[in-house]
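Heads up: the structure comes next, in structure tokens.
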Amino acid sequence: QVQLVESGGGSVQAGGSLRLSCAASGRTFSTLGWFRQAPGKERDFVAALKWTDSSTLYEDSVKGRFTIARDNAKNTVYLQMNSVKPEDPAVYYCATSRFYYSASRSFYDSWGQGTQVTVSS
């Protein structure tokens, strides 16, 4: 099992920036991804980073605004959120996939507790 701890959530003005962190420990994994879930909606893919070569995937609506990156020394992955929009508020979760590099939620088997992001206009 992988232990994941998210932090960095909070309130941000529309157009502003926020950086989320996900500290990982435990078993090795292939990919670390970020997902988000707004009230009454499904948990959707946001971005993913492949651990072996740092390849990245992004959901279309966040391309050019969000960046997923890693800090090897801290075993931490960040989600830099820029140009935040009113449709971005949600609980953001990080998750790991043991074997797959994918945007599909079904391939992720360890999840953090989530961190709330709210957007004020």
Rounded distance [0.5 Å steps], CD1 in I68 versus OG in S55: 11.5 Å
Neighbour count >12 (heavy atoms, 6.0 Å) for atom OH, Y100: no
Sidechain-backbone polar pair: R19 side chain, M81 backbone, donor-acceptor under 3.5 Å: no
Taking every non-hydrogen atom, the tightest pair across S102 and A48: O-CB, 4.2 Å
Gap between atom OG1 of T56 and atom CZ of R70 - 0.5 Å precision: 12.0 Å
Sidechain N-carboxylate O distance under 4.0 Å for D44, R105: no
Side chain to side chain contact (heavy atoms under 4.5 Å, CB included) assessment of T96 paired with D109: CA-CA 6 Å; T96 57; D109 42 40; 4.2 Å; yes
Criterion side chain to side chain donor-acceptor pair (under 3.5 Å) on S106 and S104, from CA distance to verdict: CA-CA 5 Å; S106 62; S104 174; 2.9 Å; yes
Main-chain N/O of F107 paired with S97 side-chain donor or acceptor, under 3.5 Å: yes
Any donor-acceptor N/O pair, E59 side chain to K63 backbone, under 3.5 Å: no
Test side chain to side chain donor-acceptor pair (under 3.5 Å) applied to N82 and S17, step by step: CA-CA 4 Å; N82 296 331; S17 297; 2.9 Å; yes
Check: T76 main-chain N/O paired with D71 side-chain donor or acceptor under 3.5 Å: no
Aromatic ring proximity, centroids under 6.0 angstrom, W51 and Y101: no
Heavy-atom closest contact (A103 atom, F45 atom, distance): O-CB, 3.3 Å
Plane angle bin for Y93 and W111 - parallel if under 30°, tilted between 30 and 60°, otherwise perpendicular: perpendicular
Chi angles and distances behind the ring-ring contact (aromatic ring centres under 6.0 Å, His included) call for Y108, F35: CA-CA 10 Å; Y108 289 79; F35 293 78; 5.0 Å; yes
Steps toward side chain to side chain contact (heavy atoms under 4.5 Å, CB included) verdict (E42, R36): CA-CA 8 Å; E42 296 287 319; R36 63 185 178 185; over 6 Å; no
Derivation and outcome, salt bridge (charged side-chain N to carboxylate O under 4.0 Å, His left out), residues K85 and D88: CA-CA 5 Å; K85 296 182 177 181; D88 291 327; over 6 Å; no
Exercise: identify the closest heavy-atom pair between E6 and C94: OE2-N, 2.9 Å
Nearest-0.5 Å distance that lies between atom OG in S110 and atom CD in Q1: 3.5 Å
